[in-house]
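Here the structure is laid out as structure tokens; the discussion comes afterwards.
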Amino acid sequence: MIIRQDWLDNLGLQAPTNIEEFEKVIKAFTEDDPDGNGKQDTYGFAYSGNDLYNTGWVADPVTIFSAYSGTHYPGSWQEDENGELSYGSIHEGNKKALEKMAEWHANKWIFQEAAATGAWDAMGQFTEGRAGIFIGRPWAIDSVRDVTTVDPNAVIRAYPTLRQDNGDPTYQAAEVNDGWLMFNKDFNNMEAFFVYLDWLYDAAFGTGDFQYGYLQDYDIVNDEVVFSSELFDPPVTDPFMPGKSTVMKNSPTLNTTDAYVSVSSGKEPEDGSEIRAAAAFQTAPDTAEGYVIAGQHQEEQLSNVFNSAPTATMQKNWEQLQTMEKQVYTNIIYGKESIDAFDKFVEDWKAQGGDDITKEVNEWYKSVKQ
């Protein structure tokens with residue numbers, strides 16, 4: 001969770017650790033003037049419902065659902081108690097989550113236009129000083145730092161996500177991949193590509209020509225390696241991001257969060273990731289702390305167990321089922337349908353191809369487990 005620490009401090013609150021405490025905080029962030037401007041122009045929680053209530057990265061509400069459904073959060077196939085895969089969105093626990101979110105929405109404690117807002121724009125509600133909490137990734141702290149232009153007193157801090165009532169963690173989706181590389185069938189220079197790939201990995205391992213990073217990733221100032229662009233000589237206010245300009249979608253890295261955890265425990269930086277992490281503790285300690293928290297809770301990210309081509313029935317019915325799912329979830333949260341609509345959704349989902357899809361998914365699962 002990424003939270004306005006100054007709002008917590010102004011209201012004498014602690015960061016929430018479970019749903020009950022979360023509700024108390026978002027209510028106060030909405031009704032108790034946390035920024036002290038004398039206006040009721042803030043609210044508690046920003047999230048996106050535009051991605052079936054599971055963005056997989058920022059402005060993600062899925063941990064709220066997971067607080068009631070455990071590993072069976074929306075949009076994910078996970079093992080049930082019988083060792084078979086089940087689709088999280090139809091899990092009974094998510095009905096309770098929808099009922100709670102409908103209550104929050106009616107009270108205006110959460111983002112009122114979430115269903116029509118993508119993840120990045122929903123996160124922008126925090127940057128604009130309107131929302132006090134969103135759930136994201138550690139790098140998102142740097143992305144919302146402009147909130148200080150709206151409120152110079154703003155303080156950002158990262159915290160672990162909520163726990164279930166039984167003390168178990170809540171879960172989020174973990175990325176299985178981050179894009180693909182495709183080569184023309186007539187491409188005959190694969191060896192050259194791997195030479196290039198070796199260069200990219202220099203920055204990850206802290207070796208070779210790109211020991212500290214790529215061009216403009218860093219500067220040497222007074223014989224010190226500097227990673228914060230405003231400390232370059234001369235300073236750079238709008239830095240170029242070479243890691244986004246490689247053949248890959250993102251340049252190769254080692255496990256970033258592990259590097260931050262290692263450095264935070266006192267390990268002397270060795271590879272490129274650790275060197276950069278050590279610098280971050282000096283230039284952006286709030287972001288660095290976010291990476292430490294993420295590293296300590298990596299097991300709370302779950303990959304979708306079903307990771308294959310669409311099944312035969314999926315190819316015919318999945319788009320329709322996804323549309324129905326989003327509509328029902330949104331209508332319940334927005335108060336347009338009662339919570340009983342969830343039971344009708346589950347019934348319709350199963351009848352309109354969901355049962356066949358579940359059967360096909362489990363046939364695939366058995367085949368890959370053998």
Side-chain angles (χ1 to χ4, degrees), residues 56-58 136-143 158 172-183 187-233 235-236 238-303 307:
W57 62 314
V58 296
R137 297 288 187 261
W139 54 260
I141 297 172
D142 289 326
S143 298
Q172 293 174 272
E175 288 182 321
V176 177
N177 56 59
D178 194 22
W180 298 264
L181 284 175
M182 301 180 70
F183 295 88
F187 180 69
N188 296 314
N189 297 295
M190 194 59 73
E191 183 178 345
F193 166 75
F194 281 106
V195 170
Y196 173 77
L197 194 61
D198 282 343
W199 285 340
L200 296 187
Y201 271 98
D202 277 350
F205 286 99
T207 58
D209 295 331
F210 303 107
Q211 178 179 0
Y212 302 116
Y214 308 121
L215 179 66
Q216 296 183 1
D217 250 342
Y218 67 95
D219 195 8
I220 306 293
V221 180
N222 297 325
D223 296 324
E224 294 281 339
V225 181
V226 175
F227 293 98
S228 183
S229 62
E230 63 268 18
L231 301 178
F232 288 2
D233 185 16
V236 177
D238 187 19
F240 174 67
M241 300 180 67
K244 298 289 186 180
S245 301
T246 65
V247 170
M248 322 296 192
K249 177 185 173 185
N250 290 307
S251 57
T253 62
L254 303 178
N255 189 321
T256 302
T257 55
D258 280 354
Y260 281 85
V261 172
S262 294
V263 171
S264 70
S265 65
K267 182 180 183 293
E268 189 68 25
E270 295 178 4
D271 61 47
S273 295
E274 291 175 350
I275 294 170
R276 190 174 295 273
F281 278 101
Q282 301 300 317
T283 60
D286 47 4
T287 302
E289 180 59 28
Y291 276 109
V292 173
I293 292 170
Q296 293 169 338
H297 295 265
Q298 290 183 70
E299 73 283 356
E300 294 166 23
Q301 284 194 304
L302 299 179
S303 296
N307 187 30

Side-chain contact, heavy-atom cut-off 4.5 Å: [X] with [Y]?
X    : Y    : answer
R137 : Q172 : yes
F227 : I275 : yes
S245 : Y214 : no

Can you see which heavy atom on [X] is nearest to which on [Y], and at what distance?
X    : Y    : value
P138 : A294 : CG-CB, 3.7 Å
D223 : I220 : CA-CG2, 3.9 Å
V261 : G295 : CG2-CA, 3.9 Å
V221 : L231 : CG2-O, 3.7 Å

**OP:** Kindly determine whether V226 and Y218 satisfy side chain to side chain contact (heavy atoms under 4.5 Å, CB included), including the steps that lead there.
**Re:** CA-CA 6 Å; V226 175; Y218 67 95; over 6 Å; no
Original post:
Could you go step by step and tell me if T257 and Q298 meet the side chain to side chain contact (heavy atoms under 4.5 Å, CB included) rule?
Top reply: CA-CA 9 Å; T257 55; Q298 290 183 70; 3.6 Å; yes
Original post:
Mind checking what makes salt bridge (Lys or Arg N to Asp or Glu O under 4.0 Å) contact with E289, not counting sequence neighbours?
Top reply: none
Quick one: side chains of residues 190-205, donor-acceptor pairs under 3.5 Å with protein atoms, not counting sequence neighbours, listed by atom name and distance.
| from | atom 1 | to | atom 2 | distance (Å) |
| --- | --- | --- | --- | --- |
| Y196 | OH | V247 | N | 3.1 |
| D202 | OD1 | T207 | OG1 | 3.4 |
| D202 | OD2 | D209 | N | 3.3 |

Original post:
Are the side chain of T287 and the backbone N or O of W139 linked by a donor-acceptor pair below 3.5 Å?
Top reply: no
**OP:** Sort out for me which residue in T256, D217, V263 forms a side-chain contact (heavy atoms from CB on, under 4.5 Å) with R276.
**Re:**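 Of the listed residues T256, D217, V263, the side-chain contact (heavy atoms from CB on, under 4.5 Å) partner of R276 is D217.
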**OP:** Would you mind listing every salt bridge (Lys or Arg N to Asp or Glu O under 4.0 Å) that reaches into residues 253-270, with sequence neighbours excluded?
**Re:** K267-E270, K267-E274
Original post:
Roughly how far, to the nearest 0.5 Å, is CZ of F281 from OH of Y291?
Top reply: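 Reported to 0.5 Å precision, the distance equals 11.5 Å.
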